[in-house]
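Some notes on the structure that comes next.
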Amino acid sequence: MNAFPPLPIYTGFNTPLRMEVDIHDLEVEGQVPEGLDGIFYRVGPDPQYPPRLGNDIYFNGDGMVSAFRFEKGRVDLKCRYARTDKFLLERDARKALFGAYRNPFFDDPAVEGRIRGTANTNVVYHAGKLLALKEDSPPLVMDPWTLETRGYYDYEGVLTSETFTAHPKLDPHTGEMIAFGYSAKGIASPDVAYYVIDRDGKIVHEVWFQMPYPCLVHDFGVTRDYVVFPIVPVISSLDFARAGRPTFGWDASKDVYLGVLPRRGSAKDLRWFRTSNLFASHVMNAFNDGTKIHFDTPVAKGNMFPFFPDVTGAPFDPVAATAHVTRWSVDYAGGEGIGFEQLTTLAGEFPRIDDRYAMEAYRHGYICVSDRSRPYDEKRAGSITGMFINCLGHIDHATGSSDDVYYVGPVSSLQEPAFIPASKDAPEGEGYLVALANRYDEQRSDLLVLDAQRLQEGPIATIKLPLKLRNGLHGNWVPVEDLPPRPAGA
Ligand code: V55
Ligand code: FE
């Protein structure tokens, strides 16, 4: 028997695709801007085999990378599995060998000590390498044109952290990649390793420190002069893991911290700021004005991850899981408090920016919005599983407006967008958002191209896929001039 259990995360639109595709010249309605020349990479979980333990969380599926190649108004699609060690071992065995998410205690003994990552969370291009990332493992290198997997990469042996974030930041001025690993000495360890990787892909700075309590640190902030580590109590525990509970759980009794470090500082320069309990995960942007540091993230009152349940057994509260983009402010030279300012009334997560303005004062932010006041046709589209995104919103930090919103309609939902500048030196925010739309009525996907300054007008191009791409996590646009020359035939 080789069948996925009939659970919501494996059925309907979530049926694993398990298929690697090449489609040349996707159908296009409308006009893809002719000048867009590059590749939109994105990745998401697509389990190769039914779960070893009969169930699993969505975040533990094998990474399937998609590359949308834009050239002369045409778009080609390539999808390939990230051939992680896990993927290759399980393909050989023709079944799942790894058990629970970030919990090795229920694995087949044959895979003891092997890298457990799925490379399903982000795809980032830096220093000639396309990195498929999962925060429990080192980066997995893939060929940017063929998507062939080259294997895990430890920066010529310099990366000694067991882990590497799925949300490294690229410095648009210096070409550096700023990164970290948490649980850097193993599952539920409090250790963090911070790295600066120069534009040539060499680790040039490293700092190790411990966080106030072991927890999940999914994203972080980088400014021109500082790095910011948010410590939010999605706590981790080896005891939970051994007991067969999720390794991570929500602890509403714990405070929240920001660890702030000068970018080239050492462990003694790390300062902790503190506030009362709240939830945050993804970072829109961060910047500093002298020693004053601003850190923009969606903030919710309670846990947003129902699959990492409350440690007291309290039920998941979807109202407390509503997030609004909020600015946290601290003074590296001041007291330990944190100031907060809510920046929008839009409720949502998955913030993006024009990445050319990362790490500095910026004007334009984009957010995936969940607006329950908009119609949803459950009869035609089926019931909603997991996070539901039905709008894309633009937050203009200069005017305070978040009025420009695109609604995808009653039988669809959206995945995280990426911003594409109209040209290399177009002003901030002049460009496009690309985002996958899940067409539940047709069990199919479209890649939408929207004018980032006129979201409410809807897509200027709808790139039609003859198949569906399950909900993914993150992706990025890479202009062709940043890529190595295309090999013949790729
Ligand atoms: C997140 C996603 C992950 C993960 C840990 O969005 C945290 C947060 C897709 O995998 O492993
Ligand atoms: Fe993420």
Side-chain angles (χ1 to χ4, degrees), residues 9 14 16 41-47 56-66 82 84 86 98-104 115-124 131-140 162-170 179-184 187-188 214-222 229-236 241 246-250 279-285 296-300 303-309 321 323 325 348-353 355 366-368 370 386-389 415-418 469-476:
I9 69 162
N14 290 331
Y41 297 98
R42 48 80 72 187
V43 65
D46 201 317
D56 202 350
I57 68 170
Y58 196 84
F59 283 3
N60 208 24
D62 298 290
M64 177 73 88
V65 175
S66 320
T84 58
K86 171 185 184 292
F98 294 78
Y101 176 78
R102 290 165 80 179
N103 179 348
I115 297 177
R116 303 183 76 262
T118 52
N120 70 9
T121 313
N122 204 353
V123 248
V124 174
L131 308 172
L133 299 168
K134 181 69 171 182
E135 64 199 61
D136 66 351
S137 301
L140 186 80
E162 290 184 20
T163 63
F164 193 92
T165 181
H167 286 286
K169 300 289 180 274
L170 302 180
F180 71 102
Y182 72 97
S183 298
I187 291 163
C215 63
L216 187 144
V217 189
H218 181 61
D219 197 353
F220 75 140
V222 181
F229 299 94
I231 305 301
V232 168
V234 180
I235 63 161
S236 54
T247 304
F248 297 87
W250 174 245
F279 179 97
S281 178
H282 288 118
V283 177
M284 180 173 269
N285 201 2
D296 296 349
T297 79
V299 168
N303 185 20
M304 288 186 80
F305 296 143
F307 36 81
F308 299 145
V325 175
E349 237 283 345
F350 292 108
R352 295 305 304 252
I353 57 168
D355 291 301
Y366 310 95
I367 188 85
C368 292
S370 185
M387 218 183 112
F388 182 67
I389 301 159
Q415 302 192 25
E416 185 190 73
L469 297 178
R470 298 170 106 226
N471 268 321
L473 275 303
H474 304 291
N476 295 285

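Numbering of ligands and ligand atoms starts at 1, following listing order. The shown structure was predicted, so the numbers you read here are calculated from the model rather than taken from an experiment.
A side-chain donor-acceptor contact under 3.5 Å links Arg116 to the backbone of Asn103. No donor-acceptor pair under 3.5 Å is formed between the side chain of Thr84 and the backbone N or O of Thr118.
Under the salt bridge (Lys or Arg N to Asp or Glu O under 4.0 Å) criterion, Glu349 pairs with no residue at all, not counting sequence neighbours. Scored by the side-chain contact (heavy atoms from CB on, under 4.5 Å) test, Ile187 finds Pro104, Leu238, Thr247 as partners (sequence neighbours excluded).
Asn476 and Asn122 form a side-chain donor-acceptor contact under 3.5 Å, judged by distance and modelled atom types alone.
For His167 and Phe220, the distance between ring centers is not under 6.0 angstrom.
Every protein residue with a heavy atom nearer than 4.0 Å to ligand 1 is included here: Phe59, Tyr101, Asn120, Thr121, Lys134, Glu135, His218, His282, Phe305, Leu473.
Under the ring-ring contact (aromatic ring centres under 6.0 Å, His included) rule, Phe308 has a single partner from Trp250, Tyr101, Tyr58, which is Tyr101.
Residues Cys368 and Gln415 approach most closely at SG-O, 4.2 Å, considering heavy atoms.
Annotation: protein N, O or S atoms under 2.8 Å of the Fe ion (ligand 2) (waters excluded) comprise His167 NE2, His218 NE2, His282 NE2, His474 NE2.
Lys134 has no carboxylate O lying under 4.0 Å from a charged side-chain N of Asp62, or vice versa, which leaves the two without a salt bridge.
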